[in-house]
Amino acid sequence: TGRFQKIKRHHLVDVFERDRSFALERLGPGGLRGAKERTNKALLAALEKGRTQSSSVLYIDSTNGAKSARCFYREALQPTRTVYVALGLEALLKQPKASLEAVMERVLARHRSSSCPAHEQRQWETAIMEGIGPKVQKLVDCLESPLPEELQNKGITLLQCRGLPTESEIEELLWHLVLLVSCPALLRVGPAAAATPLPSPVPSGVPRVALCFLTSARAQSAEGASHWNDRSWRCLVEDLEHRGGSFNDFFCAFRHDDTTLATEDEGSFLARASCVDSFPTQRAGLSLVYAELRLLRAVLAAGCEWAVMLSGSCLPLLRLDALREELLKYSRSVVQYHFCRGGHQRIFGIQYGALQWKAWHRREVELLAALDESMLAERWAPLEANMQKYNLAPDEAVLVNELHERIGPLEERCERKAITYTEWEEAEQESGVRRARTFHTGVPDVAWKAKSEHGALFCRKVGLLSPEDERAWRERLG
């Protein structure tokens, strides 16, 4: 037993925590400047030690994203291999305010608790935003993504997120990094990770609109189709391309379907849609919030400017190019929101309700895509049954109120308008639930009137159009 005690122990990983080192140096002489100089000297010593020990691994905590710093570390350390891990912030660099809000939301999320009173949360979050917001903004503004000339150097690998990652995506990326550093052979022989194919990158200077479909076997047409008027949608695409446009340049399509039969025949409109990871849903439930968030994250990753939430029964009231042009006129999201009744505000702590079908601007997409589903479940799942009891659908309340708590009054950030024309049946006697009426004989005149007078873009729920009804619809598109 004694011989084992004489064996020299080796650290697998040396760690240099710059913030910790700086905090300790601040206790010494020389003030701020002296602390910075001593911290930098300690960092150089750690890099030199790592360079001279060929088998060592050096972890430097709390570095920044500036190119000059990266080049300095590589020059001092002389590594045989470099792995860049880009966490998606470069997707927000062109929108400084949005990048600040997205990063601050991650910071604030660490401090939220269901036991914290709402007014104290607001006071604390306002103080934090005003206190460290400018510092976060400065850090975000200084980020410089690795350029092609950096990446072409020998021994460099880039692991990259297409947008701000979720916790599960970060975990997957970290495991990839561990395997890449410790056992790259496993990456070569292992199965490729299943990934949803994303649309092609956005053409330079051409903002795209994402058509996001929430479909389900429980919301099929009388003919058993989850996309009720696929032929009509295909006609719209053909019309766009016949007149010199390109669907893929102006639009992309996403779909969330919680059934196992979500595949579409080749040539159908939804065959061109990218399917996001599905979540089992139920009508007017919190599950639809999770489904919408997954669509919004896909939209953000694809770089689209707008995310239009649609059901399989929605039918446009104008040509696709005109639809896109109409949306691009707006500088903010288009949401038919309303103020909740006083009783709902007191019971559930909410201020707004909204129709499920809306058009989110990228600015709001970035904020909503960063929401943590586990924290949403912690807050809203206990309220779900009671909300439904009061005929208040979580999918029409959760996101607008989460947004309100982050940006303030919706009046300042959202256009109050319905993008769909919908008629409602009488409330069911027992449950009090009101369901949308299905139009079985084509798009009604009142829908076209809603288009001309109120700017409606779609009609919902339109049953399968007969040849005569489809011809009449196409003639009125303009």
Side-chain angles (χ1 to χ4, degrees), residues 209-216 218-221 226-229 232-233 236 251-258 269-270 273 276 281-296 298-299 304 306-318 320 323-324 326-327 330 332-338 352-362 364-365 368 391-403 410 414-425 433-439 443-444 446-448 450-451 454-463:
V209 173
L211 303 173
C212 303
F213 291 89
L214 280 164
T215 61
S216 174
R218 292 180 296 280
Q220 291 181 339
S221 66
S226 56
H227 194 216
W228 293 21
N229 278 286
S232 301
W233 278 90
L236 289 171
F251 294 90
C252 56
F254 293 98
R255 181 186 186 188
H256 180 283
D257 194 296
D258 60 355
F269 178 83
L270 282 188
V276 301
T281 61
Q282 67 178 67
R283 183 185 179 278
L286 185 59
S287 54
L288 290 174
V289 174
Y290 305 143
E292 183 170 346
L293 287 177
R294 295 180 185 195
L295 287 167
L296 294 181
V299 170
C304 295
W306 285 91
V308 184
M309 308 307 301
L310 300 167
S311 73
S313 66
C314 289
L315 189 65
L317 296 175
L318 60 175
L320 289 181
L323 169 64
R324 176 176 173 271
E326 193 66 28
L327 285 171
Y330 296 103
R332 51 185 186 167
S333 296
V334 184
V335 183
Q336 181 60 45
Y337 61 86
H338 60 269
Y352 294 96
L355 294 184
Q356 183 182 9
W357 317 110
K358 77 277 286 186
W360 291 119
H361 189 276
R362 182 177 178 84
E364 281 69 56
V365 171
L368 294 173
N391 200 19
L392 182 63
D395 59 307
E396 296 180 349
V398 171
L399 293 185
V400 287
N401 284 285
E402 290 285 340
L403 190 62
L410 296 187
C414 298
E415 191 78 19
R416 190 177 184 182
K417 178 185 291 188
I419 67 167
T420 60
Y421 175 77
T422 307
E423 290 186 8
W424 300 93
E425 297 176 346
V433 172
R434 299 177 67 204
R435 300 183 185 275
R437 176 177 290 115
T438 299
F439 301 110
V443 179
V446 286
W448 297 109
K451 171 194 171 184
H454 305 293
L457 305 177
F458 302 87
C459 182
R460 178 179 179 271
K461 305 163 50 172
V462 182

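Side chains are part of it too, since the values below use all heavy atoms of this structure and drop only hydrogens, waters and symmetry mates.
- Looking only at atom types and distance, the side chain of Lys358 has no donor-acceptor partner in the side chain of Tyr337 under 3.5 Å away.
- Although no hydrogens or angles enter the test, the distance criterion places no donor-acceptor pair under 3.5 Å between the side chain of Asp395 and the main chain of Val289.
- Looking at every heavy atom in both residues, Leu211 comes nearest to Leu310 through CD2-CD1, 4.2 Å.
- What you find for Arg255 and Ala273 is that their closest heavy atoms are CB-CB, 4.1 Å.
- Side-chain N or O atoms of Arg437 include none that pairs as donor or acceptor with a backbone N or O of Glu423 at under 3.5 Å.
- Between Cys314 and Cys459, every side-chain heavy-atom pair lies at or beyond the 4.5 Å cut-off.
- No side-chain N or O of Glu396 forms a donor-acceptor pair with one of Trp357 less than 3.5 Å apart.
- In this structure, His227 has its ring center closer than 6.0 angstrom to the ring center of Phe269.
- At a threshold of 4.5 Å between non-hydrogen side-chain atoms, the residues Leu296 and Met309 count as touching.
- Without hydrogens or angle criteria, Lys451 side chain to Leu317 main chain gives a donor-acceptor distance under 3.5 Å.
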Working for ring pair (Phe, Tyr, Trp, His ring centres under 6.0 Å), residues Trp233 and Phe213: CA-CA 13 Å; Trp233 278 90; Phe213 291 89; 5.4 Å; yes
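- Closest approach of His256 and Leu295 over heavy atoms only: N-CD2, 3.8 Å.
- Checking side-chain atoms of Thr420 against main-chain N and O of Phe458 turns up no donor-acceptor pair under 3.5 Å.
- Leu368 approaches Leu399 most closely through the heavy-atom pair CD2-O, 3.9 Å.
- Legend: residues meeting side chain to side chain donor-acceptor pair (under 3.5 Å) with Arg332, ordered by chain and number and at least two apart, are Glu415.
- In this structure, SG in Cys414 is found 11.5 Å from CD in Gln336, a value given to the nearest 0.5 Å.
- Side chain to side chain, Ser333 and Glu364 meet the donor-acceptor criterion of an N or O pair below 3.5 Å.
- Heavy atoms only, all atoms of each residue included: Pro444 and Tyr421 are closest at CG-CE2, 4.5 Å.
- Between Phe251 and Trp306, the distance from one ring center to the other does not fall under 6.0 angstrom.
- Counting all heavy atoms, side chain and backbone alike, Ser216 lies closest to Ser226 at O-CB, 4.3 Å.
- Within the 3.5 Å criterion, the main-chain N or O of Leu214 finds no donor-acceptor partner in the side chain of Asp257.
- If you check the side chains of Arg460 and Thr438, you find no donor sitting under 3.5 Å from an acceptor.
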side-chain contact (heavy atoms from CB on, under 4.5 Å) between Ser313 and Val462, worked out: CA-CA 6 Å; Ser313 66; Val462 182; over 6 Å; no
